[in-house]
Amino acid sequence: MEYKFIIANFQYDKHIGLIQLNRPKELNALNLELMLEIKDAIKRMDDDENIRVIIITGNRKAFAAGADIKQMAGKSAIDMLKIDQFTTWDQIRKTKKPLIASVSGFALGGGHELVMLCDMVIASDTAKFGQPEIKIGVMPGAGGTQRLPRAVGKVRAMEMVLTGDFIDAKTAESWGLVNKVVPEELCLSEALKMARKIAEMSPIAVQLAKESVLKAFDQPLQEALYFERKNFYILFSTEDQKEGMKAFVEKRKANFTGD
Ligand code: CAA
């Protein structure tokens with residue numbers, strides 16, 4: 001697939017892929033084509049044995065200002081149902097490898113929902129997060145009413161969804177939407193630093209650990225605990241477990257191969 005609205009770098013750094021949303025004039029508004037391209041690139045990176053972590057970013061002014069309002073404006077409910085654009089988001093949710101968002105400028109509506117699909121978020125001090133759909137007569141449709149309250153609690157989610165007000169990066173950090181806020185010029189390098197750290201770990205352990213953490217959001221505690229336990233036991237069949245524990249005993253750095 002040729003990409004028109006994103007730039008995908010499969011060798012951004014050792015074991016790290018980078019996807020940059022690239023529709024700057026429209027503030028990276030997420031039209032259907034752009035979302036399909038993101039889905040395709042993420043799937044290819046997820047299937048690429050050489051890649052262990054994926055970073056998603058935008059540009060200085062916008063990570064993404066939401067779904068493409070101009071593309072949706074004239075649609076009927078049945079048009080929307082037939083297009084069923086949010087299944088793309090479901091596919092992204094299934095990504096096995098860690099997704100890190102590096103966010104500068106606006107992350108609004110679907111743009112913010114895309115950020116919330118990522119596993120970790122580095123924000124620049126210019127970042128603004130919001131769910132402004134209410135201002136255009138609709139509501140979040142790509143997970144905003146569900147992932148946001150799970151992340152920040154009811155009253156804060158209600159405020160964002162019902163007033164459409166934006167929050168700044170520091171507020172997003174204090175509410176638990178963002179791991180770290182850094183000056184704009186360091187946003188991507190800080191995400192890279194985090195990605196490199198994770199890329200040094202055993203990729204199978206990383207995959208199963210990610211899968212287990214996500215279970216906390218869609219299963220009751222006891223079932224999720226059983227799931228976690230099984231993943232923990234499975235890791236004892238990997239070479240990386242043997243190497244990791246041996247390296248600890250021998251007081252040296254582990255060399256994880258992914259076996
Ligand atoms: N869809 C389509 N085009 C968009 C867009 C969007 N979401 N956001 C910005 N653009 C376009 C603008 O129309 C403008 O295009 P033109 O130059 O052709 O007029 C261009 O990007 C630059 O935008 P502005 O001139 O508006 O830039 P600004 O700095 O004055 O304002 C902004 C920035 C506050 C982000 C403003 O653009 C804005 O409010 N955008 C819409 C945000 C929004 O409502 N997002 C939610 C969309 S619905 C959704 O996402 C549903 C869902 O749950 C998936």
Side-chain angles (χ1 to χ4, degrees), residues 4-7 19-40 42 56-95 99 101-118 121 123-152 154 156-172 177-178 184 187 217:
K4 189 171 161 205
F5 299 115
I6 65 168
I7 299 167
I19 297 173
Q20 181 176 18
L21 282 59
N22 190 32
R23 220 189 151 204
K25 279 199 198 121
E26 293 81 7
L27 306 185
N28 290 333
L30 304 167
N31 63 15
L32 297 174
E33 298 79 5
L34 189 155
M35 283 312 299
L36 288 175
E37 290 183 9
I38 293 181
K39 182 182 84 168
D40 184 81
I42 289 182
I56 306 181
T57 193
N59 56 49
R60 292 181 71 177
K61 179 142 190 211
F63 178 81
D68 190 323
I69 301 170
K70 293 167 190 165
Q71 195 175 49
M72 292 186 295
K75 298 273 189 287
S76 70
I78 299 302
D79 292 335
M80 293 300 283
L81 192 74
K82 281 186 180 161
I83 296 167
D84 199 16
Q85 66 194 74
F86 298 132
T87 51
T88 308
W89 265 258
D90 296 339
Q91 292 301 320
I92 296 171
R93 164 70 166 73
K94 289 181 188 152
T95 309
L99 296 171
S102 165
V103 181
S104 295
F106 296 110
L108 306 175
H112 184 222
E113 288 165 307
L114 183 58
V115 170
M116 287 192 287
L117 270 188
C118 292
V121 185
S124 87
D125 47 14
T126 64
K128 289 203 182 323
F129 301 86
Q131 295 292 157
E133 293 91 340
I134 202 79
K135 293 183 177 169
I136 52 168
V138 287
M139 57 178 272
T145 67
Q146 302 308 304
R147 291 203 174 92
L148 188 57
R150 281 167 170 78
V152 305
K154 184 180 92 171
R156 288 167 171 167
M158 283 291 187
E159 183 180 349
M160 286 181 80
V161 170
L162 300 185
T163 68
D165 285 349
F166 304 162
I167 57 170
D168 62 19
K170 273 285 165 207
T171 306
L177 283 169
V178 157
E184 197 268 327
C187 195
F217 299 96

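We count ligands from 1, going down the list as the structure has it; atoms in each ligand are counted the same way. The analysis underlying the following values was restricted to heavy atoms, covering all of them including side chains, and did not include hydrogens, waters or symmetry mates.
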[X] [atom1] to [Y] [atom2] distance, which is reported to the nearest 0.5 Å:
{"X": "Arg93", "Y": "Cys118", "atom1": "CZ", "atom2": "SG", "value": "12.0 Å"}
{"X": "Ile167", "Y": "Leu177", "atom1": "CD1", "atom2": "CG", "value": "5.0 Å"}
{"X": "Trp89", "Y": "Lys39", "atom1": "CH2", "atom2": "NZ", "value": "12.0 Å"}
{"X": "Gln131", "Y": "Leu108", "atom1": "CD", "atom2": "CG", "value": "8.5 Å"}

Q) Any N or O of Phe166 that comes nearer than 3.5 Å to an N or O of ligand 1? A) no
Q | Contact check: Trp89 vs ligand 1, nitrogen or oxygen atoms, below 3.5 angstrom | A | no
Hey, which atoms in ligand 1 end up nearer than 4.0 Å to a heavy atom of [X]?
{"X": "Pro140", "value": "53 (O)"}
{"X": "Pro132", "value": "43 (C), 44 (O), 45 (N)"}
{"X": "Gly110", "value": "49 (C), 50 (O), 52 (C), 54 (C)"}
{"X": "Glu113", "value": "52 (C), 53 (O), 54 (C)"}
{"X": "Lys25", "value": "20 (C), 21 (O), 22 (C)"}
{"X": "Phe86", "value": "54 (C)"}

Q: Have a look at Ala107, Ala67, Gly164 and point out the one with the heavy atom closest to atom 49 (C) of ligand 1.
A: Ala67
Q) To which of His112, Lys70, Glu26 does the heavy atom nearest atom 19 (O) of ligand 1 belong? A) Lys70
Protein heavy atom under 4.0 Å of [atom]:
{"atom": "atom 33 (C) of ligand 1", "result": "yes"}
{"atom": "atom 30 (O) of ligand 1", "result": "no"}
{"atom": "atom 26 (O) of ligand 1", "result": "no"}
{"atom": "atom 15 (O) of ligand 1", "result": "yes"}
{"atom": "atom 51 (C) of ligand 1", "result": "yes"}

Q | Protein residue, atom and distance nearest to atom 45 (N) of ligand 1, heavy-atom basis | A | Ala65 O, 3.0 Å
Q) Which residue owns the protein heavy atom closest to atom 38 (C) of ligand 1, what's the atom, and how far is it? A) Leu108 CD1, 4.8 Å
For ligand 1, the portion of [X] having any non-hydrogen atom under 4.0 Å away:
{"X": "Lys61", "value": "side chain"}
{"X": "Ala29", "value": "side chain"}
{"X": "Ile69", "value": "both"}

Q) Under a heavy-atom criterion of less than 4.0 Å, does Gly141 contact ligand 1? A) yes
Q) Can you find a non-hydrogen atom of Lys135 under 4.0 Å from ligand 1? A) no
Side-chain donor/acceptor pairs under 3.5 Å, residues 26-38, sequence neighbours excluded:
from  : atom 1 : to    : atom 2 : distance (Å)
Asn28 : OD1    : Arg23 : N      : 2.7
Asn28 : ND2    : Ala62 : O      : 3.1
Asn28 : ND2    : Phe63 : O      : 3.1
Asn31 : OD1    : Glu33 : N      : 3.4
Asn31 : OD1    : Leu34 : N      : 2.7
Asn31 : ND2    : Glu33 : OE1    : 3.4
Glu33 : OE1    : Gln71 : NE2    : 3.2
Glu37 : OE1    : Lys4  : N      : 3.1
Glu37 : OE1    : Phe5  : N      : 2.8
Glu37 : OE1    : Ile6  : N      : 3.3
Glu37 : OE2    : Lys4  : N      : 2.9

For a quick test of reading the model, state the closest non-hydrogen atom pair linking [X] to [Y] and the distance between them.
{"X": "Ser124", "Y": "Glu184", "result": "CB-CA, 3.4 Å"}
{"X": "His112", "Y": "Ala107", "result": "CB-O, 3.3 Å"}
{"X": "Lys128", "Y": "Phe166", "result": "CD-CD1, 4.2 Å"}

Q: Quick one: list whatever passes salt bridge (charged side-chain N to carboxylate O under 4.0 Å, His left out) with Arg150, sequence neighbours left out.
A: none
